[in-house]
Amino acid sequence: MLRGEDADVLDDIGLLLAAMDEQVAGAGAAGKEAEPEYPIVAEFSEKYTAFVIVCRNEIDENNVRELLGVDKRQSYKSQEVGQTHVIDAKAFAERCTLK
């Protein structure tokens, strides 16, 4: 596409298509995709659904947080700790039976 009628303009601004072709050709096998740091492996019958609870003020937010038992958790990617807003369905069911 770049080789069309605008090729001379690209040369004028310093975009050399021949040099780009060499880089792409040189990448070849060396251009393999890196292994992901955190691979995602699907489990059998894995499916995600979300329910939204709207809190209109901080008091409601704190009540919901306490009822659901969501607390600060460490990130699985780093040492960072922050407030979570996610609860697993099994943990939710356990919290419901406690009340």
Side-chain angles (χ1 to χ4, degrees):
M1 219 164 78
L2 293 175
R3 291 186 187 345
E5 51 192 65
D6 297 325
D8 57 335
V9 174
L10 295 174
D11 286 340
D12 291 343
I13 62 171
L15 183 62
L16 304 174
L17 296 178
M20 289 175 61
D21 288 340
E22 288 177 24
Q23 288 177 342
V24 169
K32 293 187 339 186
E33 289 187 30
E35 289 292 319
E37 188 174 345
Y38 301 102
I40 298 174
V41 180
E43 295 181 15
F44 179 72
S45 74
E46 181 177 24
K47 179 185 177 214
Y48 295 95
T49 303
F51 294 90
V52 177
I53 300 172
V54 178
C55 300
R56 299 195 184 275
N57 57 53
E58 198 169 334
I59 294 170
D60 289 346
E61 178 187 1
N62 290 333
N63 286 336
V64 169
R65 186 180 316 283
E66 187 177 319
L67 288 169
L68 295 179
V70 291
D71 213 355
K72 291 187 177 190
R73 302 233 171 117
Q74 181 179 342
S75 170
Y76 72 95
K77 294 182 182 179
S78 68
Q79 298 298 318
E80 298 289 324
V81 175
Q83 186 63 51
T84 183
H85 294 90
V86 178
I87 184 171
D88 186 78
K90 289 179 183 178
F92 176 73
E94 289 172 8
R95 294 294 294 178
C96 287
T97 58
L98 294 175
K99 297 288 174 186

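Owing to the predicted nature of the structure, the values given are computational and were not obtained by experimental measurement. What you see below is based on every heavy atom in this structure, not just the backbone, and it leaves out hydrogens, waters and symmetry mates.
Interatomic distance, E66 CD to R95 CZ, rounded to the nearest 0.5 Å: 8.0 Å.
Minimum interatomic distance between D60 and N57 (heavy atoms only, all atoms of both residues): N-OD1, 2.8 Å.
V70 belongs to a hydrophobic cluster with I53, V64, L68, I87, F92, counting contacts under 4.5 Å between side-chain heavy atoms of Ile, Leu, Val, Met, Phe, Trp and Tyr, direct or through other members. Grouping Ile, Leu, Val, Met, Phe, Trp and Tyr residues whose side-chain heavy atoms lie under 4.5 Å apart, directly or via other members, leaves F51 alone, with no other cluster members.
Here Q79 pairs with Q74 under the side chain to side chain donor-acceptor pair (under 3.5 Å) rule; sequence neighbours left out. Taking N62 as the reference, E58, R65 meet the side chain to side chain contact (heavy atoms under 4.5 Å, CB included) condition, with sequence neighbours excluded. In terms of the side chain to side chain contact (heavy atoms under 4.5 Å, CB included) criterion, residue partners of V54 (sequence neighbours excluded) are, by chain and number, V52, R56.
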